[in-house]
Amino acid sequence: MPAAESILYILGMASVIAIVSLAVTLSFKMERVQLLSAEIQRLRQSLQEMDEQAKLIVRTDMELNKIQEELDKKVTGLFALQRLSRTISTTLEENQVFQRISPSLLEELGFERTACFLWNEHEQLFQPRLAINYSTEELEALRLFVNSRRDDFRACFQKEKPLSSFSAEAPEWQARVKETFGVHSFIIAPLLPKEGDKGFFFAGTENADSTITEGDEELIAVLTNQIGQALENARLFEKTWKAHQDLERKVEERTHALTLALEEVKRISKRKNDFISAVSHELRTPLTSIKGYASILLAGKLGDIPEEVRLRLDKINRHSDELTRLVNDLLDISRIESGRVEMKQVPLNLADLMTQVYDLLGGQLKDKELRFSSSFPADAARIFADAGQINRVFINIIGNAIKFTPAHGSISVTSSRRDEKTAEIAISDTGCGIPKESLETIFEEFYRVDNQINETVKGTGLGLSLVKQIVEAHGGTIWATSVPDKGTTFHFTVPLAP
Ligand code: ADP
């Protein structure tokens with residue numbers, strides 16, 4: 001082979017080899033390019049995912065910030081609310097409740113403008129009770145507006161639910177409220193004290209950025225609840241205070257009237273006593289003369305008298321004795337009542353007193369065959385009393401017992417120690433008894449129970465009245481207990497001997 005051909009052959013072979021190797025390299029590169037572009041695709045995708053995650057993180061962060069902000073607002077609001085509640089709940093004056101709602105505390109809650117209106121049922125009008133950040137003219141405009149739309153505002157406390165600018169209700173009315181009250185958003189919450197006028201509480205903000213939330217509505221609901229409670233307490237207190245004042249005034253009036261009446265009674269009683277004293281004295285003198293002349297005639301000092309005349313004179317004598325007793329009793333009652341008789345109190349043995357009583361009344365007891373007994377325990381055997389006067393007490397009560405107890409009955413006298421200084425005496429009989437309705441009146445002057453015995457037995461109705469005066473003059477009390485047809489017990493207290 002010629003040299004030129006060999007060279008050409010070698011060149012041709014070399015070019016084929018070069019092309020083949022180039023093609024191999026190219027296909028290898030192409031494969032790499034494909035792999036790389038797949039890689040780029042994957043990277044782009046994950047970049048996109050990261051971008052979305054980053055956006056999500058930013059969004060979450062923003063939301064968290066917002067929640068944090070809300071939370072901070074709520075905490076500040078709660079603190080402000082707590083302080084406000086404390087200040088308004090420590091007053092019992094209605095005006096003070098409103099005066100203590102301070103603008104700064106409401107600003108802390110996020111409201112710069114506040115007002116409060118109460119519905120006056122009598123005038124059928126809303127009256128302002130609180131206005132923060134409103135001038136007098138503005139307040140007057142508010143008053144006119146509120147009353148011109150009274151039904152809308154009354155609906156708030158009638159339905160017992162708050163109205164706020166974030167609700168979709170009544171857009172026209174809402175717009176008018178915002179305009180008149182000069183706020184961007186607001187809450188109107190009902191004031192519902194159980195006592196007295198109800199109303200509403202308005203809280204608004206001029207700030208367009210701070211929107212009112214459900215949380216604000218809750219805060220205002222709590223606040224209005226507290227105000228309502230404070231108003232209720234103040235009104236209840238005022239009511240109680242007024243009732244107390246009324247009562248005091250009435251007590252004062254009555255006391256005054258009673259003092260006047262008592263003075264009048266004392267005056268009348270004095271006049272009565274003076275009158276009885278005077279009349280009794282006047283009666284005693286002629287009575288003594290009548291009795292004296294009758295005795296002279298009876299004694300025959302003026303000559304013999306016929307039997308008929310003697311009988312009449314005896315009657316005159318007995319009747320003047322009765323009249324003298326009556327006059328003396330009356331005189332004694334009035335003297336003891338007016339304190340003109342001094343009780344000469346000395347220690348006395350009840351047993352000795354009974355002996356004296358028995359000496360006087362023994363005959364009558366025997367006549368009616370009545371059993372008489374007395375028992376005085378050692379700790380109540382001696383009393384501290386005026387001997388003569390206390391004797392009259394026993395004689396009157398036991399005398400009555402004899403009068404009103406049928407034959408063969410029994411009478412007993414006992415004593416007991418009531419306390420350190422007092423004895424209680426009880427005189428019981430098995431007589432006709434006293435009706436319940438007369439148990440107190442028997443101690444009144446001239447009172448006698450309307451019964452068969454009294455129709456036949458003589459009496460004046462003065463005995464128990466005198467007894468009462470004597471017992472009371474000793475510092476004691478007297479009362480009677482009785483079972484009709486079974487018997488009566490008279491009880492009285494008297495000082496024990498020291
Ligand atoms: P008098 O005995 O003179 O009528 P008193 O003042 O002593 O007046 O008594 C008033 C009345 O009380 C009597 O009339 C009688 O009706 C009633 N009374 C008093 N003691 C008794 C008694 N032991 N039992 C029943 N009634 C009595």
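None of these values were measured; they are calculated from a predicted model. Just so it is clear, the values below take in all heavy atoms, side chains as well, and ignore hydrogens, waters and symmetry mates.
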Separation between CD1 of I470 and CD1 of I333, rounded to the nearest 0.5 Å: 9.0 Å

Any side-chain to backbone donor/acceptor pair from E138 onto S135? Under 3.5 Å, distance only. yes

Donor-acceptor pair between R100 and T90 side chains, under 3.5 angstrom: yes

Give me the ring orientation class for H491 and W479: parallel if the planes are under 30° apart, tilted from 30 to 60°, perpendicular past 60°. parallel

Test of understanding: with side-chain contact (heavy atoms from CB on, under 4.5 Å), list the residues that count as partners of Q229, not counting sequence neighbours. E232, N233

Any chance the side chains of E121 and Q124 put a donor and an acceptor closer than 3.5 Å? yes

Is it true that N273 and R335 share a donor-acceptor pair across their side chains at a distance under 3.5 Å? no

Which of parallel (below 30°), tilted (30 to 60°) and perpendicular (above 60°) describes Y134 and F181? perpendicular

Are E248 and H244 close enough that a side-chain donor and a side-chain acceptor fall under 3.5 Å? yes

T422-D419 side chain donor-acceptor pair, cut-off 3.5 Å: yes

Within the 3.5 Å criterion, strictly below it, is a donor on R284 or N328 matched to an acceptor on the partner's side chain? yes

Checking S277 against L331 for the side chain to side chain contact (heavy atoms under 4.5 Å, CB included) test, could you report, in this order, the C-alpha distance in whole Å, the side-chain angles of both residues, the deciding distance, and whether it holds? CA-CA 6 Å; S277 276; L331 209 57; 4.1 Å; yes

NE2-CD1 distance between H281 and I276, expressed to the nearest 0.5 angstrom: 12.0 Å

Quiz question: by atom type and distance under 3.5 Å, do the side chains of Y447 and S438 form a donor-acceptor pair? yes

Worked check of side chain to side chain contact (heavy atoms under 4.5 Å, CB included) between Q356 and F394: CA-CA 10 Å; Q356 289 168 25; F394 279 111; over 6 Å; no

Which distance, rounded to the nearest 0.5 Å, do you find between the CG of L81 and the CG of L106? 9.5 Å

Is the distance between the ring centroids of F117 and F145 under 6.0 Å? no

Is there a ring pair (Phe, Tyr, Trp, His ring centres under 6.0 Å) between F200 and F126? Walk through the geometry before answering. CA-CA 10 Å; F200 69 87; F126 273 106; 5.4 Å; yes

For the residue pair E424 / T493, report whether a side-chain donor-acceptor contact shorter than 3.5 Å exists. no

For the pair T136 and L139, evaluate side chain to side chain contact (heavy atoms under 4.5 Å, CB included) and give the outcome as yes or no after the intermediate values. CA-CA 5 Å; T136 320; L139 182 60; 5.7 Å; no

Distance (rounded to the nearest 0.5 Å) between C156 SG and D151 CG: 13.0 Å

